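Here the structure is laid out as structure tokens; the discussion comes afterwards.
All values reported here derive from a predicted model rather than from experimental measurement. Just the heavy atoms: all of them, side chains too, but no hydrogens, waters or symmetry mates, feed the values below. In the text below, chain A, chain B and the rest are named by the order of the sequence lines, each starting its count at 1.
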Amino acid sequence: MLPFEKITLNDIVSEVHDGTLLGIPADYSGVPMTFTKELIKKKVKNLKLYCLPLTTIQGDMLIGSGCVTEIEAAAVSLGEFGQASRFQDAVINQRIKVKDSTCPALHAQLQATEKSVPFMPLRGIIGSDLLEYRDDWKVIKNPMECSGKEGEEIILLPAVQLDVLVFHATKSDMNGNIQIGRRRELATLAHASKKVFVTVEEIVDEDFYENEVNAAATLPALYIDGIAVSKNGAWPCGLTGKYNPDLEELKNYSLAAKNQNTFDSYMRVFLNSDNLKAAQ
Amino acid sequence: MLPFEKITLNDIVSEVHDGTLLGIPADYSGVPMTFTKELIKKKVKNLKLYCLPLTTIQGDMLIGSGCVTEIEAAAVSLGEFGQASRFQDAVINQRIKVKDSTCPALHAQLQATEKSVPFMPLRGIIGSDLLEYRDDWKVIKNPMECSGKEGEEIILLPAVQLDVLVFHATKSDMNGNIQIGRRRELATLAHASKKVFVTVEEIVDEDFYENEVNAAATLPALYIDGIAVSKNGAWPCGLTGKYNPDLEELKNYSLAAKNQNTFDSYMRVFLNSDNLKAAQ
Amino acid sequence: MNKLDLKFEELLISILCDLLSNDNHVAVGAASPIPGAAALLAKEEQKIKGKKLRVTILHSLRFNNFTDGARELFDCAAQGRIDTFFLGGVQIDEQANINLVGTGDYPNLNKRFSGSFGSALMYYVVPKVILFREEHSKRTLVKKVDFISAPGVSDKNLYRPGGPKFLLTNKALFSFNKRKKVFCLEKTAPGINQNDIEKITGFKYDLNNEIKNFTYPSRERLDILRKVIAPMVSEFYPNFAKRIWFR
Amino acid sequence: MNKLDLKFEELLISILCDLLSNDNHVAVGAASPIPGAAALLAKEEQKIKGKKLRVTILHSLRFNNFTDGARELFDCAAQGRIDTFFLGGVQIDEQANINLVGTGDYPNLNKRFSGSFGSALMYYVVPKVILFREEHSKRTLVKKVDFISAPGVSDKNLYRPGGPKFLLTNKALFSFNKRKKVFCLEKTAPGINQNDIEKITGFKYDLNNEIKNFTYPSRERLDILRKVIAPMVSEFYPNFAKRIWFR
């Protein structure tokens with residue numbers, strides 16, 4: 001008996017349903033692209049994406065494939081390859097609802113769930129138009145006498161709990177603990193999700209808790225509902241310390257995504273590509 | 001030119017003044033005992049201790065030496081050696097004010113400062129007598145419509161910023177970064193302190209950021225105002241991964257501390273003991 | 001104690017172990033060798049049955065997998081990821097209020113104890129809190145505690161999924177009825193009867209229809225405890241392990 | 001461009017570098033090669049003078065020492081530990097409001113851009129925010145932005161230690177007067193005069209008594225930039241470094 005749930009990509013995909021609120025890691029946190037591929041193949045609909053705090057190709061592909069009806073994010077772009085065209089197109093044509101946010105608010109809403117409190121306060125935001133369109137954010141006057149500025153207005157952000165989080169990581173140990181290094185936003189995401197699945201490059205025959213330094217870089221198995229091995233699972237995105245982004249492929253995508261027809265052609269090839277080969 | 005401030009124990013002690021709000025790490029987070037010794041020698045008065053979330057011999061010694069007028073903590077004890085007698089004595093004879101708290105509240109108050117918000121909400125506490133004696137805590141009805149329980153009462157805790165934090169760690173790198181391993185409460189403490197000083201067993205000729213796993217175990221130099229080398233600096237407390245607590249010495253202390261006379265005798269020897277020899 | 005040469009601590013470990021059989025995650029706080037041993041024993045027995053019980057022992061490096069610092073225990077519990085936790089009490093009262101702070105008229109106490117630790121959150125959020133206090137006397141089990149570190153029950157307008165389920169002393173095991181806000185005597189220690197308990201308890205409680213004696217551990221359980229668990233306990237409670245098993 | 005064969009990007013880097021000379025900690029967000037290079041250049045020049053400037057470049061592994069995850073930038077800034085940060089804007093208006101979301105009548109936009117990133121906190125808490133937007137036109141510098149991602153100024157009842165101090169485009173450098181809520185033209189690019197700026201700017205601004213031209217970098221600064229900084233920039237903006245320095 002393995003001490004954790006070793007599963008397949010398809011097992012993970014089967015946990016995502018129409019309407020699922022799905023956690024989306026930033027491009028630096030381990031983008032689960034092989035999972036995304038399978039998710040698109042399943043033709044799941046009405047996903048709500050919660051980005052911490054932004055998404056690049058993963059979000060744009062899901063949107064272009066018609067899987068998404070709502071997205072909460074501080075930014076959607078293709079980074080140095082410019083704007084995320086499928087996202088832009090869906091917004092302009094009102095096919096998706098955008099809950100426009102700002103990075104620290106997206107972090108704080110998950111921290112509220114992490115601590116199991118109904119809300120988190122945050123400074124800033126007031127006076128921006130973001131607030132005008134967020135019924136779920138609330139402005140109060142600071143009720144404290146001994147801390148903060150007297151009478152200052154402050155925003156309360158709701159606790160948000162994700163239905164499912166999927167991210168890609170370098171490795172898990174034999175007990176199902178995940179090495180996340182400095183990407184501690186993945187811990188916050190995991191703490192705030194009902195279910196957490198991870199794709200990894202490999203499962204190694206080690207115990208990350210055997211020394212304190214390794215332990216410090218670890219997300220405990222306690223929060224993980226299943227792990228699937230997926231070699232080059234972030235491709236064409238990069239994976240810190242393992243491989244760089246495939247700049248050529250990302251550029252190709254950015255060009256193809258400019259209109260729906262060329263996007264569709266690109267996706268037909270992409271969805272049927274062999275990931276192992278694709279990543280060289 | 002060293003890229004960080006290498007200083008002496010006395011330099012650190014000179015940053016602590018009458019009335020300073022001093023951060024006190026728990027017995028598992030690296031207790032700066034050589035610093036504490038020098039602080040007591042300086043005969044500093046009216047210290048306010050903020051324990052995250054508890055203190056053992058460090059707090060008891062400072063209290064027994066008459067350095068403390070106020071302590072905020074979830075617990076003061078000598079762990080498996082029983083009650084902290086100098087603390088008990090000072091409380092019963094009303095020589096110190098205790099702001100009785102609970103562990104998660106002590107964490108949350110620092111997290112408020114970490115995020116620069118005036119308060120943090122927390123569940124629990126309501127219905128306990130802790131609340132009756134805390135004018136700085138505030139109960140509100142949950143104002144959110146979409147998160148939490150409708151109409152639930154919830155506590156707001158004030159942001160607390162420490163004047164000075166001192167802790168002991170295994171090592172710093174050549175750039176003044178500190179290895180803290182899994183003791184991430186030290187990061188929260190540092191983020192919430194105006195000044196942070198660290199005593200270390202050694203400064204090593206490495207760069208902790210050279211690999212992601214080491215980096216993950218690091219508190220960045222950015223938060224540190226000075227580092228002093230102090231061999232066996234936690235003795236007689238332990239230091240994770242380096243040395244265990246000196247159980248015999250801790251037992252001796254617990255017995256001596258039972259009354260002020262035997263405490264005073266103990267301290268005369270302790271304050272003049274050579275730390276290097278003592279820890280062998 | 002009996003022909004197995006059972007130590008009384010081993011009996012208490014066994015009683016606690018029985019309370020953990022349906023859990024997924026048991027956490028054990030500081031200075032709790034008997035609950036710690038009970039949790040590890042339950043984990044080992046579940047493993048033999050092919051089931052999994054996660055045990056987090058704060059005082060241990062090996063059995064504490066948290067990596068988010070000292071606050072993770074509380075966050076994790078508040079998230080509902082811990083089924084069972086143990087709390088003590090200088091005083092415990094009729095309504096399961098616990099006092100870890102001191103006796104007398106706070107803040108003018110006669111006797112000061114350590115403090116409330118994490119009880120003022122853990123007692124609210126962990127579904128099954130087991131109160132464990134070895135001393136069973138009118139001094140420890142009182143009508144009303146002098147200071148409430150954490151209350152046994154809360155008003156409806158609070159978020160409170162957690163609370164007391166059991167109270168174990170060296171003389172008796174009580175369950176707690178949250179609706180009626182009252183303890184119920186379930187089991188007594190060997191040689192102790194219902195009347196004895198009444199004489200040494202400072203509060204009123206209900207009686208189970210069928211009050212049993214503490215169940216002795218099976219030979220098999222005792223073997224696991226002594227051969228497998230005792231060496232583990234040595235890692236984080238060396239003094240306790242030495243006193244019970246290794247002297 | 002001149003006899004040093006100066007690239008225009010190098011000139012912008014040099015102008016930004018001059019704005020950083022009294023800082024202790026400069027942070028640079030995503031997709032900002034010119035600010036990133038300017039910060040590293042300032043750090044190097046301070047080092048030569050025996051002074052220390054800390055530079056955090058988010059997009060880099062080597063120049064990003066944060067270990068508390070992606071939120072640490074925002075926490076660190078809110079704690080007051082970052083002196084200078086750079087922000088851009090699809091539109092920037094007269095009161096230094098910035099728009100990173102899109103043009104048109106939100107949410108019915110004509111054109112959608114990435115989103116507000118961290119601006120709705122960073123703009124409030126970092127004392128010296130430098131707005132950097134290369135394109136200088138009536139399209140980018142407008143009377144009133146279509147959507148406020150973050151406002152240039154705030155009411156007194158808000159906590160707002162931070163805000164805009166400068167705006168640099170490929171044609172001009174403005175300072176921002178927080179009290180008067182107005183930009184002030186300080187410098188213009190080579191070959192551009194005050195009238196040219198007026199024609200291409202969509203908002204009103206004050207004029208400095210003595211409007212200067214962009215100062216060219218010294219030979220020494222340019223040497224440092226090309227020999228020391230350019231290879232560093234290659235690590236985190238390879239395409240930019242290649243285009244400017246290595247082709």
Side-chain angles (χ1 to χ4, degrees), chain B residues 1-6 107 110-120 159-162 165 169 172-196 206-226, chain D residues 23-28 39-40 43-85 118 120-127 154 157-162 232 235-236:
Chain B
M1 184 184 68
L2 267 174
F4 64 93
E5 299 295 319
K6 190 177 163 186
H107 288 284
L110 298 183
Q111 286 185 284
T113 301
E114 182 176 67
K115 296 199 97 60
S116 182
V117 290
F119 56 83
M120 281 288 251
V160 172
Q161 187 175 36
L162 307 177
L165 166 69
S172 120
D173 73 4
M174 60 189 181
N175 298 314
N177 301 296
I178 310 288
Q179 187 172 96
I180 59 169
R182 281 192 275 169
R183 303 273 41 115
R184 297 201 58 78
E185 63 276 4
L186 291 170
T188 311
L189 275 164
H191 297 166
S193 295
K194 287 181 204 156
K195 293 198 171 179
V196 180
E206 289 176 35
D207 175 357
F208 292 160
Y209 286 92
E210 274 187 0
N211 77 68
E212 274 298 297
V213 168
N214 269 328
T218 300
L219 176 66
L222 155 66
Y223 301 98
I224 313 295
D225 295 284
Chain D
D23 290 342
N24 290 309
H25 188 184
V26 176
V28 181
L40 291 175
K43 178 190 169 96
E44 194 65 24
E45 290 188 348
Q46 293 299 313
K47 203 169 102 185
I48 291 165
K49 292 185 204 155
K51 293 205 290 185
K52 195 176 166 190
L53 169 63
R54 192 179 298 280
V55 172
T56 298
I57 296 180
L58 281 193
H59 209 75
S60 152
L61 273 181
R62 183 163 159 213
F63 298 103
N64 177 358
N65 284 351
F66 288 148
T67 57
D68 206 25
R71 72 164 176 257
E72 188 172 1
L73 170 70
F74 308 104
D75 290 351
C76 187
Q79 288 157 30
R81 298 182 198 266
I82 294 174
D83 302 308
T84 295
F85 191 68
L121 179 69
M122 297 300 276
Y123 211 27
Y124 294 73
V125 295
V126 176
S154 294
N157 63 344
L158 275 196
Y159 176 86
R160 182 150 195 188
M232 294 178 179
E235 186 241 321
F236 49 94

For [X], is it the side chain, the backbone, both, or neither that has a heavy atom closer than 4.5 Å to a heavy atom of chain B?
| X | value |
| --- | --- |
| D:L61 | side chain |
| D:R62 | neither |
| D:F74 | neither |

Student check: side-chain heavy atoms of B:P118 and D:Y159 closer than 4.5 Å: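 Sidechains of D:Y159 and B:P118: no contact.
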Nearest heavy atoms of [X] and [Y], plus distance in Å:
| X | Y | value |
| --- | --- | --- |
| B:P220 | D:F66 | CG-CA, 4.5 Å |
| D:D68 | B:R184 | OD1-NH2, 2.7 Å |
| B:K115 | D:A78 | O-CB, 3.7 Å |
| D:R81 | B:H191 | NH2-O, 3.0 Å |
| D:T67 | B:T218 | OG1-O, 2.8 Å |

Answer with side chain, backbone, both or neither: which region of [X] has an atom nearer than 4.5 Å to a non-hydrogen atom of chain D?
| X | result |
| --- | --- |
| B:A217 | neither |
| B:S193 | backbone |
| B:A159 | neither |
| B:E212 | side chain |

Atom pair [atom1]/[atom2] of [X] and [Y] - distance to nearest 0.5 Å:
| X | Y | atom1 | atom2 | result |
| --- | --- | --- | --- | --- |
| D:N65 | B:L222 | CG | CG | 8.0 Å |
| B:T113 | D:D75 | OG1 | CG | 11.0 Å |
| B:Y223 | D:E72 | OH | CD | 3.5 Å |

